[in-house]
Amino acid sequence: MNDRIMPGIIEASRYSLMDEATVVTIAEQVNNDLQSLSLQSWLGTLSSCELQLRAIENTAIASAPANHGFSQHLQVTHQTGQQDALSASLSASFTLDCLVAPGPVLSMSFLFAAFVTALIAGLPRAYSPQQRQLLNVLSDVGLEWQDIQTVLTHLQKNDTASLQWYDFLIQRIQSGSLSVEQLMQSANASDCIQFHHDRQSVSIRGIEVPLSRTPYFYYALYAHQRHDDAQRNFSACDDNGWILNPASGRANPEHTRLLLNLMKTHDGHQKAIKELEAHGVRAKTMDQNRNKVKEELIKVLGESVAEQYLFETRRDSRTGRNHYRLKTSATKIILPLL
């Protein structure tokens, strides 16, 4: 612009009186020439651009307002010759008006958003205090970084249950009661409780907890009730799986039959089997075995973790007796086939 347009304006003004009419005439000629100038953006984000001369020295030139996306004001000063009496200089103002092309702009916006998303995803994940503590403990016991990431990725939730599970893992690893193999099993296990009738144990998040035989079968009774009720009465209402403590001298025949089937099939105590055959399921026996299950789960998992897999209760307004069921959702109970 400095080398082509400005010398022409100076040359035109050198032989004319620089009154307003002359300035307007020169500007019209320059703007006519500028209309033939093709301006393109490198990325194709501008559909068209127009350059207009708006003022020469202090004389403004009236022109139609631009109806484009944005405008840029340009101030250009040109001087010919050396700094002497024969040199000539001139200052002119131009406006560059451009219309934005929506397609390329939107494409670039999407590309930029995708780039920023990928950049954020590639940043190191922020760990909670419990996760950082677990990371340090795992490093101290010599676990490989890839295995540490597997554990932390699987346990990435920050809900109350997960935080309690972090505390359990940290305590057990520090005490030496949890091996690296058990830790990796837990990291790869689902958040479920699995019952093993053949060896009277349950696996909770991959950690196997052995139980005494008779308490185990009573625990399995509640698990079957929770699971089977949900299968029979599938609905949005989660009000399944309750077992009402039997009244004195009135055993529940269905629960008695299921318990006897479990115990006879999976090597239950003969004394417990004979008692069931003689008296059926009694409230006192159910209370004792629920308490025994609670004691044995807490011994292995700690109270805060074990509580999630124990019992909840509600009172029956008609009989005054209590209903009990497992807190664990039916979808998280895994049972072998009977």
Quick one: pull up CZ in R321 and CG in D316 and give me the separation to the nearest 0.5 Å.
7.0 Å

If two hydrophobic side chains count as joined below 4.5 Å and joins carry through other members, does L335 share a cluster with F217?
yes

Euclidean distance, M286 CE relative to H255 NE2, rounded to 0.5 Å:
6.5 Å

Distance (rounded to the nearest 0.5 Å) between I193 CD1 and I207 CD1
13.0 Å

Let me know which of N322, D287, T313, T319 forms a side-chain hydrogen bond (donor to acceptor under 3.5 Å, both in side chains) with N245.
D287

Measure across A251 and P246 and return the closest heavy-atom pair with its distance rounded to 0.1 Å.
CA-CB, 4.4 Å

Shortest non-hydrogen pair, Q308 vs S304, comes out as NE2-O, 3.5 Å

Assigning hydrophobic clusters by single linkage (Ile, Leu, Val, Met, Phe, Trp, Tyr; side-chain heavy-atom cutoff under 4.5 Å), is I334 placed with L211?
no

Indicate the atoms forming the closest heavy-atom contact of R226 with T328, along with that distance.
NE-O, 3.1 Å

As a test of understanding, state which of Q288, E295, K294 forms a side chain to side chain contact (heavy atoms under 4.5 Å, CB included) with K292.
E295

Student check: side-chain heavy atoms of L259 and L221 closer than 4.5 Å:
yes

What's the verdict on side chain to side chain donor-acceptor pair (under 3.5 Å) for T285 and N289, showing C-alpha distance, side-chain angles and the deciding distance?
CA-CA 6 Å; T285 310; N289 282 283; 5.6 Å; no

Distance in Å, D228 CG paired with I333 CD1, rounded so as to fall on 0.5 Å steps:
9.5 Å

Does atom CZ (R199) have a neighbourhood of more than 12 heavy atoms from anything else shown, all under 6.0 Å?
yes

Given the rule that I, L, V, M, F, W and Y join up when any side-chain heavy atoms are under 4.5 Å apart, are I273 and Y218 in one cluster?
yes

Would you say L262 and H224 make side-chain contact, with heavy atoms under 4.5 Å?
yes

Starting at CG of N291, measure out to CZ of F311 and round the result to the nearest 0.5 Å.
9.0 Å

For residues S203 and H196, report the shortest heavy-atom separation together with the two atoms involved.
OG-NE2, 2.8 Å

Exactly one candidate in K271, R257, K264 meets salt bridge (charged side-chain N to carboxylate O under 4.0 Å, His left out) with E277; the answer is K264

Would a line drawn from the ring center of Y216 to the ring center of H197 be shorter than 6.0 Å?
yes

Validation row: E307, L310 side chains within 4.5 angstrom (heavy atoms):
yes

Under 4.0 Å between a Lys/Arg side-chain N and an Asp/Glu carboxylate O for K299 and E296?
no

For the side chain to side chain contact (heavy atoms under 4.5 Å, CB included) test, which of Y309, Y219, Y222 pairs with V293?
Y219

Can you confirm whether more than 12 heavy atoms, excluding those of E312, are under 6.0 Å from its CD atom?
yes

Going by heavy atoms in the side chains, are Q225 and L326 under 4.5 Å from each other?
no

Rounded to the nearest 0.5 angstrom, the CD-OG distance for E144 and S139 is 10.5 Å

Applying a strict under-4.5 Å side-chain criterion to I, L, V, M, F, W and Y, I'd like to know whether L297 and V300 cluster together.
yes

Donor-acceptor pair, R172 side chain versus S177 backbone, under 3.5 Å?
no

For residues I243 and R325, determine if any side-chain heavy atom of one lies less than 4.5 Å from a side-chain heavy atom of the other.
no

Indicate, with yes or no, if I298 and V209 share a hydrophobic cluster defined by side-chain heavy-atom contacts under 4.5 Å among Ile, Leu, Val, Met, Phe, Trp and Tyr.
no

